[in-house]
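Report on the structure given below.
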Amino acid sequence: MAPTIKCCLFDMDGLLLDTEAVYSKVTQGILSRFGKNFEWSVKSKMIGVQEQEAAKILIDHYQIPMTVEEYLKERNAGHESLFPLCRPLPGVMKLVTYLKSKKIPIAVATSSHRRAFNLKSSQNGELFSLFDAIVCADDHAAIKSKPAPDIFLAAAKAVGFEGRESECLVFEDAPSGVKAGLNAGMHVVWVPDANLTKDEELVRRCAAVLSSLQSCRFCFVSFDQKQFFVQMQ
């Protein structure tokens, strides 16, 4: 008998909100001082991981003369003025509103710290007020960075689904986040960046792979490896 999906968990950056352009603009501004270009091959490794780890990836690759702390201080200052300008990506409001109307528990599970989340959500109250819980990377000291399952397990617990991971569906854009959802024992819908070269093995492990949430014209009621979407009314 196919398991029933009863809960939805969402990543935020690059999935719910169009934040990736902000990350690229600010990081490129820092790298330009050292004659470097922020390449997609590096950015793709940074997407979905906590900021300390992402900073180390960048600094180690480009060998720029900055500590992790120095880089993050400058980067975060650049983010503060731009994060409030971020808006929901196409299809997000329709999908989240639909899930809320069906009384399906929904939560955000983001690698962003709470301060960054507050900036990003400050002009997006209509969206984030729909969620039953918001879990950020620094909410609990024990949360390990994706692809560890911690953030999704914490989000499931926040909406009453601890120990019911097989009933949870994760929406993610980053490979590390997809792996985190799978490592948590959950089903995953992957919405990768168009520039990303997809790992075919990871594709096979996902419930679905979408070009954007705008193409998610359907919403799940159950999961059976073949068809778990029904048309939204």
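All of these numbers come straight from a predicted model, not from anything done at the bench.
- Counted within 6.0 Å of CD on Glu126, heavy atoms from surrounding residues, nucleotides or ligands total 12 or fewer; the atom is thus considered open.
- Once rounded to the nearest 0.5 Å, the distance linking CD1 of Ile106 with SG of Cys168 reads 13.0 Å.
- Looking at every heavy atom in both residues, Ile143 comes nearest to Ala137 through CB-O, 3.8 Å.
- Residues His187 and Ile5 come closest through the heavy atom pair CD2-CD1, 3.1 Å.
- A donor-acceptor pair is defined here as one N or O able to donate and one able to accept, closer than 3.5 Å; such a pair exists between the side chain of Gln28 and the backbone of Lys36.
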Run the numbers on Ile30 and Tyr62 for side chain to side chain contact (heavy atoms under 4.5 Å, CB included), then give the verdict. CA-CA 11 Å; Ile30 296 171; Tyr62 289 107; over 6 Å; no
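- Between the side chains of Asp13 and Ser111, no donor-acceptor pair is found at a separation under 3.5 Å.
- From Ser211, atom OG reaches atom CG of Asp193 across 11.5 Å, with rounding to the nearest 0.5 Å.
- Put simply, the side chain of Phe131 reaches to within 4.5 Å of the side chain of Leu16, judged on heavy atoms.
- Both Leu99 and Met12 are assigned to one and the same hydrophobic cluster, defined by single-linkage of ILVMFWY side chains at heavy-atom distances under 4.5 Å.
- To the nearest 0.5 angstrom, Phe128 atom CZ is 11.0 Å from Phe10 atom CZ.
- Taking the six-membered ring for Trp and the full ring otherwise, the centers of Phe83 and Phe117 sit at least 6.0 Å from each other.
- Considering every non-hydrogen atom in both Cys7 and Val159, the closest pair reads SG-CG2, 3.7 Å.
- Side-chain atoms of Glu74 do not come within 3.5 Å of backbone N or O of Tyr71 as any donor-acceptor pair.
- What you find for Leu17 and Pro88 is that their closest heavy atoms are CD2-N, 3.7 Å.
- A distance-only check finds a donor-acceptor pair linking the side chain of Glu70 to the backbone of Thr67 [under 3.5 Å].
- Side chain of Asp138 to backbone of His113: no donor-acceptor contact under 3.5 angstrom is found.
- At most 12 non-hydrogen atoms from other residues, nucleotides or ligands lie less than 6.0 angstrom from CD of Glu162.
- In this structure, a donor-acceptor pair under 3.5 Å is present between the side chains of Lys120 and Ser112.
- With Trp190 contributing its side chain and Cys206 its backbone, the two residues share no donor-acceptor pair below 3.5 Å.
- Side-chain contact between Lys43 and Thr27: absent, with no pair of heavy atoms (C-beta onward) separated by less than 4.5 Å.
- Once rounded to the nearest 0.5 Å, the distance linking CE of Met186 with CG of Leu9 reads 5.5 Å.
- With hydrogens and angles disregarded, a donor-acceptor distance shorter than 3.5 Å links the side chain of Asn183 to the backbone of Pro147.
- Looking at Arg75 and Tyr23, their side chains come closer than 4.5 Å, going by heavy atoms from C-beta outward.
- Put simply, the side chain of Asp199 does not reach to within 4.5 Å of the side chain of Pro175, judged on heavy atoms.
- Criterion: ILVMFWY side-chain heavy atoms under 4.5 Å apart, direct or through other members. Under it, Val92 and Ile134 are part of a common hydrophobic cluster.
- The line from CG of Leu130 to OG1 of Thr97 is 5.0 Å long, rounded to the nearest 0.5 Å.
- Shortest non-hydrogen contact noted between Val49 and Ser176 is CG1-OG, 4.0 Å.
- Cluster membership check: Leu210 shares its hydrophobic cluster with Leu89, using side-chain heavy-atom separations under 4.5 Å among Ile, Leu, Val, Met, Phe, Trp and Tyr.
- With hydrogens and angles ignored, the 3.5 Å screen pairs no side-chain donor or acceptor of Lys6 with any backbone N or O of Phe161.
- Note on Ile47: it does not cluster hydrophobically with Ile59, by side-chain heavy-atom contacts below 4.5 Å among ILVMFWY residues.
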Let's go through Met46 and His61 carefully: what are the C-alpha distance in whole Å and the side-chain angles of both, what is the deciding distance for side chain to side chain contact (heavy atoms under 4.5 Å, CB included) to 0.1 Å, and is it a yes or a no? CA-CA 11 Å; Met46 298 168 63; His61 179 85; over 6 Å; no
Going through the distances and angles, do Leu31 and Leu58 end up as a side chain to side chain contact (heavy atoms under 4.5 Å, CB included)? CA-CA 10 Å; Leu31 289 176; Leu58 183 91; 4.1 Å; yes
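- Ion pairing between Glu201 and Arg204 holds under the 4.0 Å rule for side-chain N and carboxylate O.
- Taken together through direct or relayed side-chain contacts under 4.5 Å among Ile, Leu, Val, Met, Phe, Trp and Tyr, Met93 and Val189 form part of one hydrophobic cluster.
- Scanning for salt bridge (charged side-chain N to carboxylate O under 4.0 Å, His left out) contacts around Arg114 gives Asp139, with sequence neighbours left out.
- In terms of modelled atom types and a separation under 3.5 Å, the side chain of Ser122 and the main chain of Leu119 share a donor-acceptor contact.
- Annotation: Lys45, atom NZ; neighbour count of heavy atoms from other residues, nucleotides and ligands within 6.0 Å does not exceed 12.
- A salt bridge links Arg115 with Glu80: the distance from a Lys NZ or Arg NE/NH1/NH2 to an Asp or Glu carboxylate oxygen falls below 4.0 Å.
- For the pair Asp18 and Cys86, the tightest heavy-atom approach, listed with the atom from each and the gap, is O-SG, 3.7 Å.
- To the nearest 0.5 Å, atoms NZ (Lys103) and CG (Asp132) are separated by 11.0 Å.
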Step by step, would you call Leu202 with Leu182 a side chain to side chain contact (heavy atoms under 4.5 Å, CB included)? CA-CA 10 Å; Leu202 203 55; Leu182 294 170; 3.9 Å; yes
